[in-house]
Amino acid sequence: MAVEIERKFLVLGEAWKASGPGEFISQGYLNRDPARTVRVRIKGEQAWLTIKGRSEGVARAEFEYPVPVADARELLALCEGPRVEKIRREIRHAGMLWEVDEFLGDNAGLVVAEIELSDVDQAFERPDWLGQEVSQDPRYFNSALSNLPFCRW
């Protein structure tokens, strides 16, 4: 089984923007049940269908499959609720890859950094722009942001 181990943090300041312009992502949810979310995502000229299981701490089952972009566009039309749109920047720090998402639309103003780990206890160096950890706060799950956007908190 594929397992995603991911920690999520709020981002402070704007130093992270020095990494470059980032890439636009549009995603929607065919199912937002916490026990099994089904997401379709378009990033540039690529698209994926992703199924995620219930989070247990910072780990959960994850299965991701590439799909044709044309199919992904049609799947987005079938999604529940509004799309989640964001600009993603990939930033290397101390040998680790951070994904910093600057949310748009109803989630504008929210900036979150994620790091994927190979073990739940894996150590990593925190960049200066890293703020409070929100890994276990379900409001910050993208599936939750499509249902209750940041502007309505």
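The figures that follow rest on heavy atoms only: side chains count, while hydrogens, waters and symmetry mates do not.
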message: With salt bridge (charged side-chain N to carboxylate O under 4.0 Å, His left out) as the test, pick out the partner of Arg88 among Glu23, Glu99, Glu102.
response: Glu99
query: Applying the 4.5 Å side-chain criterion to the ILVMFWY set and letting contacts propagate, would Ile87 and Leu110 be lumped into a single cluster?
result: no
- prompt: If you group Ile, Leu, Val, Met, Phe, Trp and Tyr by side-chain heavy-atom gaps below 4.5 Å, do Val112 and Trp129 land in one group?
  reply: no
query: Under the side chain to side chain contact (heavy atoms under 4.5 Å, CB included) criterion, do Val111 and Leu12 qualify, and how do the steps go?
result: CA-CA 8 Å; Val111 182; Leu12 305 172; over 6 Å; no
- line: Output for pair (Trp98 CH2, Ile91 CD1), nearest 0.5 Å, gives 10.0 Å
field: Salt-bridge criterion met for Glu90 and Lys43 (N-O under 4.0 Å)
entry: yes
- prompt: Would a distance-only check, ignoring hydrogens and angles, find a side-chain to backbone donor-acceptor pair under 3.5 Å from Arg89 to Gly20?
  reply: yes
- line: For Gln122 and Ser118 the tightest heavy-atom approach is OE1-N, 2.6 Å
query: Going by atom types only, do Arg39 and Thr50 share a side-chain donor-acceptor pair under 3.5 Å?
result: yes
field: Rounded distance (nearest 0.5 Å) linking atom CG of Asp101 with atom CD1 of Ile25
entry: 5.5 Å
field: pair Leu49-Leu30: side-chain heavy atoms closer than 4.5 Å
entry: yes
- request: Indicate if Val120 and Phe9 have the same hydrophobic cluster label, given that clusters are the connected sets of ILVMFWY residues with side-chain heavy-atom separations under 4.5 angstrom.
  value: yes
query: Got a sec: does the CG of Asp128 have more than 12 other heavy atoms crowding it under 6.0 Å?
result: no
message: Hydrophobic clustering (ILVMFWY, side-chain heavy atoms < 4.5 Å, transitive) - are Val3 and Leu117 grouped together?
response: yes
- prompt: Do Trp153 and Tyr140 make the cut of ring centroids closer than 6.0 angstrom?
  reply: yes
- request: Could you walk me through whether Glu116 and Glu4 pass the side chain to side chain contact (heavy atoms under 4.5 Å, CB included) test, one step at a time?
  value: CA-CA 7 Å; Glu116 287 201 25; Glu4 171 188 58; 3.7 Å; yes
message: Show the nearest heavy-atom pair for residues Pro82 and Ser146, with the distance to one decimal.
response: CD-O, 3.1 Å
message: Rounded at 0.5 Å granularity, tell me how far CZ in Arg41 sits from OH in Tyr29.
response: 7.0 Å
query: What closest approach, in Å, do Arg32 and Gly81 show between heavy atoms, and which atom pair accounts for it?
result: NH1-CA, 3.9 Å
query: Is there a donor-acceptor contact under 3.5 Å from the side chain of Asn107 to the main chain of Pro149?
result: no
field: Same cluster (ILVMFWY, side-chain, under 4.5 Å), Val134 and Ile115
entry: no
field: Inter-residue atom distance Leu97.CG - Arg92.CZ, 0.5 Å rounding
entry: 4.5 Å
task: Check step by step if side chain to side chain contact (heavy atoms under 4.5 Å, CB included) holds for Val100 and Ser19.
output: CA-CA 10 Å; Val100 177; Ser19 66; over 6 Å; no
- request: Would you give the length of the straight line joining atom CD of Glu62 to atom CZ of Arg60, rounded to the nearest 0.5 angstrom?
  value: 7.0 Å
Where Ser135 and Arg7 come nearest, the two heavy atoms and their spacing: OG-CA, 3.2 Å
- prompt: Val40 and Leu78: side chain to side chain contact (heavy atoms under 4.5 Å, CB included), yes or no, with the steps?
  reply: CA-CA 10 Å; Val40 60; Leu78 300 176; over 6 Å; no
task: Give the minimum heavy-atom separation between Glu80 and Asn31, together with the two atoms involved.
output: OE2-CA, 3.7 Å
- prompt: If you take all heavy atoms of Leu76 and Gly28, which pair is closest and at what distance?
  reply: CD2-N, 3.3 Å
message: For the CG atom of Asn142 and the NZ atom of Lys8, what is their distance to the nearest 0.5 Å?
response: 5.0 Å
